[in-house]
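Worksheet: the structure to be examined is printed underneath.
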Amino acid sequence: KHLQWYASFRFTIFAALFGGLLALAFGLLGASMRSSRFAVLRGIGTIYTSMVRGIPDVLFFLFFPLAFEQTVEWIWAMQVCTPETIAASQAPWPPCRDANWLLSTNEYLILACFSLGIVYGAFTANVIHGAMRSVPKGQLEAARAYGMSNFQVLTRIQIRQMWVYALPGLSNVWMLLIKATSLLSLLQVADIVWWAGQLGAPNYFPQAGLVHGDWRWAYFFALFVFYIIVTLISERVFQRLTVWARRGMPVEG
């Protein structure tokens, strides 16, 4: 059982890394849409960053996988279900037994990563949008004067230099995302938090009686140390990224 607990750490690490990459991708997309010259794209970007940031993480974390799963079952039910099978179905959902989609742990994990990416992508978009506006306008005007297109100015000048201003805010978003990985057990993923609760709970056997008492405090303390170590490593990584982002830029006095 403890070996399964040790193995479950990979779920948390995978969710943090893959969810962080998706959050960065959604953030860049959302920030670009908010800075677009087209009103429709600006409106979509503003709605995304405003609405998603206002929804509680737990609510969206449960809503998106459930909505995606039932949408797939509804589309599949239109193909395979007949009026006879729908009438014979005892449960209200899915419409028939053939349309039931049983997700595995890996599929729930992927849906959890997309949930993290969508939620924290809105925070990332807000950070990146503010960082892009912090780039000196004189450099953007000079790039246009040299004949660069708007896309070249965005990718070669604005996005390249905005990382210096965005990394402090992105580090905070990353820390929030790491803490949100403790919600994986809500999606039927046997992660480190779920195993800590199972292994530390009072254990009884009919033959032996009480094997051990409530040891959950020890297992949760181990998780506390684990998240602290991840936080320290993340801070070192963001310090290195800040040094990399400042290469070739003038040093402030």
Side-chain angles (χ1 to χ4, degrees), residues 13-55 57 60 110 112-181 230-253:
I13 296 174
F14 179 84
L17 294 178
F18 192 62
L21 291 176
L22 288 174
L24 183 60
F26 285 123
L28 288 171
L29 181 61
S32 300
M33 294 176 69
R34 286 191 63 180
S35 302
S36 175
R37 58 180 179 176
F38 300 104
V40 176
L41 294 180
R42 287 200 307 270
I44 295 175
T46 302
I47 291 174
Y48 169 65
T49 56
S50 300
M51 291 185 61
V52 176
R53 285 189 301 136
I55 299 175
D57 297 350
F60 198 91
I110 293 175
C113 292
F114 273 95
S115 298
L116 292 172
I118 293 173
V119 172
Y120 292 98
F123 291 94
T124 304
N126 198 48
V127 171
I128 292 177
H129 178 70
M132 292 174 64
R133 295 172 63 90
S134 299
V135 177
K137 293 183 178 180
Q139 299 187 16
L140 306 181
E141 295 174 354
R144 294 189 181 97
Y146 274 100
M148 288 187 176
S149 63
N150 291 331
F151 181 76
Q152 289 175 328
V153 173
L154 176 65
T155 55
R156 298 185 181 183
I157 306 298
Q158 200 167 13
I159 292 181
R160 170 62 185 88
Q161 298 199 40
M162 66 91 182
W163 292 112
V164 176
Y165 308 100
L167 282 174
L170 293 179
S171 65
N172 293 331
V173 176
W174 169 251
M175 298 303 176
L176 294 174
L177 190 147
I178 290 177
K179 293 195 297 183
T181 57
V230 172
T231 300
L232 294 177
I233 295 175
S234 300
E235 289 180 350
R236 293 294 182 89
V237 172
F238 274 97
Q239 289 176 359
R240 296 292 182 88
L241 289 176
T242 302
V243 173
W244 168 82
R246 288 186 176 275
R247 291 186 307 170
M249 296 186 64
V251 179
E252 299 179 359

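Not measured: the values here are computed from a predicted model. Every heavy atom of this structure was used, including side-chain atoms; hydrogens, water molecules and symmetry mates were not.
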pair Leu241-Val237: side-chain heavy atoms closer than 4.5 Å:
yes
Taking the side chain as every heavy atom from C-beta outward, state whether Ile128 and Leu24 have any pair of such atoms under 4.5 Å apart.
yes
Atom CG in Leu116, atom CZ in Phe18: separation rounded to 0.5 Å?
11.0 Å
If you draw a 6.0 Å radius around CZ in Phe114, do more than 12 non-hydrogen atoms from other residues or ligands fall strictly inside?
no
Only counting residues at least two apart or in another chain, list the ones meeting side chain to side chain donor-acceptor pair (under 3.5 Å) with Ser36.
none
So, do Trp163 and Leu170 sit near enough that their side-chain heavy atoms are less than 4.5 Å apart?
yes
All heavy atoms of Ala15 vs all of Leu177, minimum pair found to be O-CD2, 4.3 Å
Contacts satisfying side-chain hydrogen bond (donor to acceptor under 3.5 Å, both in side chains) that involve residues 119-129 (not counting sequence neighbours) are Arg34-Asn126, Ser35-His129, Asp57-Tyr120
Exercise: identify the closest heavy-atom pair between Ser234 and Ile178:
OG-CD1, 3.8 Å
Donor-acceptor under 3.5 Å (Tyr48 side chain, Ala122 main chain):
yes
Within a strict 4.5 Å, meaning less than it, do heavy atoms of the Asn150 and Arg144 side chains meet?
yes
Value rounded to 0.5 Å, distance of SG in Cys113 from CD1 in Ile118:
11.5 Å
So which heavy atom on Pro136 is nearest to which on Tyr165, and how close?
CD-OH, 4.0 Å
Can you name the nearest heavy-atom pair linking Ile157 to Ala143, along with the distance?
CG1-CB, 3.9 Å
What are the two closest non-hydrogen atoms of Thr49 and Ala125, and how far apart are they?
CG2-CB, 3.5 Å
Quick one: pull up CZ in Arg156 and CE in Met148 and give me the separation to the nearest 0.5 Å.
5.5 Å
Quick check: does any side chain N or O of Gln152 sit under 3.5 Å from a backbone N or O of Ser149, one acting as donor and the other as acceptor?
yes
Could you state the interatomic distance from CD (Gln158) to CE (Met132), rounded to the nearest 0.5 Å?
4.0 Å
Within the distance-only criterion (no hydrogens, no angle test), does the side chain of Ser50 pair as donor or acceptor with the backbone N or O of Ile47 below 3.5 angstrom?
no
Residue pair Gly20 / Trp174: nearest heavy atoms and the distance that separates them:
CA-CZ3, 4.2 Å
